[in-house]
Amino acid sequence: MHYYHFLTLFSLCNFLPSGYSHGRLLDPPMRASIWRFPEFNYANPPVNYDDDAFWCGSMQTLYNQNGGKCGVCGDNWADPPPRSQEDGGKFGKSIIVRNYTSGQTIPLTVELTGAHDGYFEFRLCARNSRSEPETEECYNKNLLVLSNGSTRLPATRRKGIYKTTARLPPGVTCSRCSIQWHYRTGNNWGDCNDGTSAVGCGNQEIFRGCSDVAIT
Ligand SMILES: *[C@@H]1O[C@H](CO)[C@@H](O)[C@H](O)[C@H]1NC(C)=O
Ligand SMILES: *[C@@H]1O[C@H](CO)[C@@H](O)[C@H](O)[C@H]1NC(C)=O
């Protein structure tokens, strides 16, 4: 009897996510969060109450099922593209939420509803047509530099609003650009690939979101 209960508890714990971080990109509003901003009501953005949970399916899904691969906008890699938050997916209606100019310093705002250390990065995929693929390679071409010269904004254990600014790459214009928020948490113990192990190394939760913008 006791043994049975122990087993049940043990199995339940295996199904619970280890960290429980959560978050969303609010400026520029990511595709799955546009519905939170009344100024975009005209475009009838799809509602998603779980817009703080684009974490590649789950930690389990990301590493055990998908070998560490995540959709560019935080969906389960195993979902058929375009995945829900990708352009053309359920939330990817190509609603341009900001107009920027090339080289401009832009505000970036993230809300964490659960916080577990780690850091944020922001990337720009500069497409001029929706038919150009929105890929990891496209986002990797422009890792945005934050105003203090770093590319990573550290997250802490604090929930709430995180604000920073980044400079858009000079000379890059695009009518169908998108900005990717990438949040790698840092509270799990893991292998650092150098013979040591520490908190923050190895497998961590990943959260992502993508926003449609235009840069002239
Ligand atoms: C961006 O600029 C276009 C063209 O001028 C305009 O139609 C659109 O309303 C602007 N969008 C936003 C979010 O400011
Ligand atoms: C930039 O600011 C963050 C805190 O917001 C800090 O952790 C980081 O070390 C800074 N980077 C540089 C290069 O000053």
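For the single chain, residues carry numbers from 1 onward in sequence order. Please read these numbers as outputs of a predicted model, since none were measured by experiment. Note that ligands are numbered from 1 as they come in the structure, with each ligand's atoms numbered from 1 the same way.
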Check each N or O atom of ligand 1 against all protein N or O atoms and list the pairs under 3.5 Å, with atom names and distances to 0.1 Å, one per line.
from: ligand 1; atom 1: 2 (O); to: N99; atom 2: OD1; distance (Å): 3.3
from: ligand 1; atom 1: 2 (O); to: N99; atom 2: ND2; distance (Å): 2.3
from: ligand 1; atom 1: 11 (N); to: N99; atom 2: ND2; distance (Å): 3.0
from: ligand 1; atom 1: 14 (O); to: N99; atom 2: ND2; distance (Å): 3.1

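By the 30° and 60° cut-offs, the orientation of the rings of W181 relative to F120 is perpendicular.
Scored by the salt bridge (Lys or Arg N to Asp or Glu O under 4.0 Å) test, R184 finds no partners at all (sequence neighbours excluded).
Listed by first and then second residue, the disulfide bond (SG atoms under 2.5 Å apart) pairs involving residues 28-65 are C56-C70 (not counting sequence neighbours).
A donor and an acceptor atom, one from each side chain of R123 and N140, are located under 3.5 Å apart.
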N/O donor to acceptor pairs below 3.5 angstrom from side-chain atoms of residues 163-172, sequence neighbours left out:
from: T165; atom 1: OG1; to: S147; atom 2: OG; distance (Å): 2.3
from: R167; atom 1: NE; to: G103; atom 2: O; distance (Å): 3.2

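Checked by atom type and distance alone, the side chain of N99 never pairs as donor or acceptor with a backbone atom of A214 at under 3.5 Å.
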